[in-house]
Amino acid sequence: MHTAAPESAALAARRLEVATALRALLPARCVLSEAEDTRPYECDGLAAYRQLPMVVTLPDTEAQVVAILNLCRELKVPIVPRGAGTGLSGGAMPIADGVVLSTARLNQIVRVDARSRTAVVQPGVRNLAISEAAAPHGLYYAPDPSSQIACTIGGNVAENSGGVHCLKYGLTVHNVLRVRMVTIEGEVVELGSEALDAAGLDLLSVFIGSEGMLGIVTEVTVKLIPRPASARVIMASFAEVTAGCNAVAELIAAGIIPAGLEMMDQTSARMVEPFVHAGYDTDAAAILLCEADGTIEEVEEEIARMTAVLQTAGANAIAVSQTEAERLRFWSGRKNAFPAAGRISPDYYCMDGTIPRKRLAQVLSGIADMETRYGLRCANVFHAGDGNLHPLILFNANIADEFARAEAFGAEILALCVEVGGTITGEHGVGIEKIDSMCVQFAPAELEAFFSVKRAFDPAGLLNPDKAIPTLNRCAEFGKMRVSGGQLNFAHLSRF
């Protein structure tokens, strides 16, 4: 586990200087500097890494965001943006001599426009709240992370979040039309447009998923889509994990794009079922959840087509939701996989990698081998339709070396994802958690290209520094731990 060193006298003096300057600009309630007040901000969902922030700011307005950025730039103080703190890669972990800028109080739904099927919201609005506001118009916001009851749209933009319905409806980047943000220079900039297209370079796509390293979000325009007339879920059980994985590829090969296509292995099903009583087959080696949505006729046809493919692929049991309550119950297990992990393990480490669908069985087999070698259990629950894995490595932080083994286990999973043609993250971001794994996936020229984009937006490197993009020196040190002789072969690592 990683904790911070005690505060030095120099840091205490710096904290007083910065807090005093901020209080001259902002209402007192918008600045926190005492340890007991800043402690709740010391980590995000990756609680194994903690750092007490020097100062926390909670602006109420965009003008206050501009003022904070201008002051921090003048004083050369690093800034870590923070949404709801539900991120799982340490992207919102504070910096000892930096300011946390929380957008939690920028939480207004500016407007819902049913005619244009859009909503304009501030970054602190919860993901689920957008759909709740749009519901009277028969509309909703499609991306639905498992944390949607708590996570905010600003954090979703930072991480390019997805959810169980991302296969059909896309990630955040596919559902956001416009972002209003403030640069480190204090300039308010709008990226994208509420029209069908925007002039110039597509900087909106660059910004979404940039993990708070390019600017601070103050407003987002999202797409809304009509709520389907009908939605039903198939729950299919398989006696072998390989058969379940192959069924995923066969569904897509048949030209079927389900609204959701999720997979859980036996460990996950047995972990979840006593918690939510979703009706899962705990004797199955793997469970697939396949959702169809649309008109009643479309859903009936797609359910029939998917059932036929699943039976041919070797499903030994198939259940189809008959009511909306039953559909939600089937999904409740998948949505509650993370909290359910606490029933069977003191701690868990949630990984996030993406692979080609045809490699699912190979990678899950590899993870099973790693369980034996590392002496740790792993529950696999993931967005099977787009190959986005979320292995939950179970460990006990009270046992001296277990977290270190869990980290090594996770790094090896990510290396395997890259080896089979995948990537080290799908929707959780890189943060601090996967920064060394970036050295595995990308060569020096590629990393330099990333830094060039970062410098174009943030020349002084004050926005969320030391996150997501590793320096070449860091990669060299990482390589010394991996390659005998102390010399890092970048060409080898970029194709690991």
Side-chain angles (χ1 to χ4, degrees), residues 1-59 64-85 87 89-105 158 182-186 211-216 397 403 407 430-433 435-436 451 454-455 458-471 473-474 477:
M1 307 295 281
H2 301 263
T3 55
E7 184 179 62
S8 66
L11 183 57
R14 180 64 161 167
R15 175 164 58 86
L16 179 60
E17 174 195 11
V18 172
T20 300
L22 285 166
R23 288 193 174 99
L25 294 174
L26 307 172
R29 57 185 165 73
C30 296
V31 181
L32 307 177
S33 59
E34 297 300 322
E36 64 180 337
D37 297 324
T38 61
R39 183 74 63 187
Y41 300 88
E42 67 181 352
C43 68
D44 58 12
L46 184 63
Y49 291 82
R50 299 171 184 265
Q51 171 62 60
L52 199 65
M54 183 172 70
V55 179
V56 175
T57 59
L58 297 102
Q64 291 176 359
V65 173
V66 171
I68 293 166
L69 290 175
N70 283 334
L71 178 67
C72 288
R73 185 186 70 253
E74 291 167 8
L75 297 179
K76 297 182 173 57
V77 177
I79 302 155
V80 176
R82 179 186 174 94
S89 63
M93 193 185 85
I95 295 168
D97 60 349
V99 166
V100 168
L101 195 162
S102 168
T103 58
R105 289 181 179 165
V182 184
T183 71
I184 190 62
E185 302 296 332
E211 302 193 33
M213 298 189 298
L214 306 183
I216 306 296
F403 180 64
E407 281 193 303
V430 176
I432 58 171
E433 176 200 35
I435 196 165
D436 287 335
F451 272 119
K454 166 71 169 166
R455 285 191 292 266
D458 179 22
L462 293 176
L463 288 170
N464 221 6
D466 303 322
K467 308 276 181 69
I469 313 172
T471 63
N473 286 338
R474 184 182 184 111
E477 289 301 313

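Below, all heavy atoms of this structure are taken into account, side chains as well, without hydrogens, waters or symmetry copies.
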Query raised in the report: Under 4.5 Å between any side-chain heavy atoms of L52 and P94, yes or no?
Result: no
Requested in this report: Without swapping roles, check the side chain of T183 against the backbone of E185 for a donor-acceptor pair under 3.5 Å.
Outcome: yes
Query raised in the report: If you look at every heavy atom in I184 and P459, which pair is closest and at what distance?
Result: CG2-CD, 4.4 Å
Query raised in the report: Which heavy atom in A21 sits nearest to a heavy atom in L75, and how many Å separate them?
Result: CB-CD1, 4.3 Å
Query raised in the report: Short question: side chain of K454, backbone of L463 - any donor-acceptor pair under 3.5 Å?
Result: yes
**Report entry** M54 side, atom CE; S33 side, atom OG - distance, nearest 0.5 Å
**Finding:** 10.0 Å
Report task. Go through the steps for T471 and F451 under the test side-chain contact (heavy atoms from CB on, under 4.5 Å), then give the verdict. Result -> CA-CA 9 Å; T471 63; F451 272 119; 4.2 Å; yes
Requested in this report: Could you tell me whether a side-chain N or O of E433 sits under 3.5 Å from a main-chain N or O of L46, the two making a donor and an acceptor?
Outcome: no
Query raised in the report: Just by distance, do the side chain of Q51 and the backbone of I95 share a donor-acceptor pair under 3.5 Å?
Result: no
Report task. Would you check if the side chain of K467 reaches a backbone N or O of M93 as a donor-acceptor pair within less than 3.5 Å? Result -> yes
Report summary line: Closest heavy-atom pair, A19 versus V31, reported as atoms and distance to 0.1 Å, is O-CG1, 4.3 Å
Query raised in the report: Is atom CG of D466 surrounded by more than 12 heavy atoms (other residues, nucleotides or ligands) closer than 6.0 Å?
Result: no
Requested in this report: Apply side-chain contact (heavy atoms from CB on, under 4.5 Å) to the pair L462 and V77, showing each step before the final yes or no.
Outcome: CA-CA 7 Å; L462 293 176; V77 177; over 6 Å; no
Query raised in the report: Would you call R474-D436 a salt bridge at under 4.0 Å N-O?
Result: yes
Requested in this report: May I have the step-by-step check of side-chain contact (heavy atoms from CB on, under 4.5 Å) for I216 and L69, ending in yes or no?
Outcome: CA-CA 9 Å; I216 306 296; L69 290 175; 3.9 Å; yes
Report summary line: Interatomic distance, OH@Y41 vs CZ@R50, rounded to 0.5 Å, equals 15.0 Å
Query raised in the report: Is there a donor-acceptor contact under 3.5 Å from the side chain of S102 to the main chain of P81?
Result: no
Query raised in the report: At their closest point, which heavy atom of L11 faces which heavy atom of A96, and how far apart are they?
Result: CD1-O, 3.5 Å
Query raised in the report: Roughly how far, to the nearest 0.5 Å, is the CD atom of Q64 from the CG atom of L22?
Result: 11.0 Å
Query raised in the report: Between the main-chain N or O of G91 and the side-chain N or O of N464, is there a donor-acceptor pair closer than 3.5 Å?
Result: yes
Query raised in the report: Got a second to check how far I68's CD1 is from L25's CG, nearest 0.5 Å?
Result: 8.5 Å
**Report entry** Rounded distance [0.5 Å steps], CG in L58 versus CZ in R82
**Finding:** 9.5 Å
Query raised in the report: Taking NZ, NE, NH1 and NH2 as the nitrogens, is one of them in R14 or E17 under 4.0 Å from a carboxylate oxygen of the other?
Result: yes
Report task. Evaluate the criterion side-chain contact (heavy atoms from CB on, under 4.5 Å) for residue pair I469 and M213; output intermediate values, then yes/no. Result -> CA-CA 10 Å; I469 313 172; M213 298 189 298; 4.0 Å; yes
**Report entry** Gap separating the CG atom of L101 from the OG1 atom of T57, nearest 0.5 angstrom
**Finding:** 3.5 Å
Query raised in the report: Do you know the tightest heavy-atom contact between C43 and Y49?
Result: CB-O, 3.2 Å
Report task. With the side chain counted from C-beta on, respond yes when P59 and C30 share a heavy-atom pair under 4.5 Å apart, and no when they do not. Result -> no
**Report entry** N-O pairing of E42 and R39 below 4.0 Å
**Finding:** yes
Report summary line: In terms of heavy-atom contacts, I79 and C72 come closest through CD1-CB, 3.5 Å
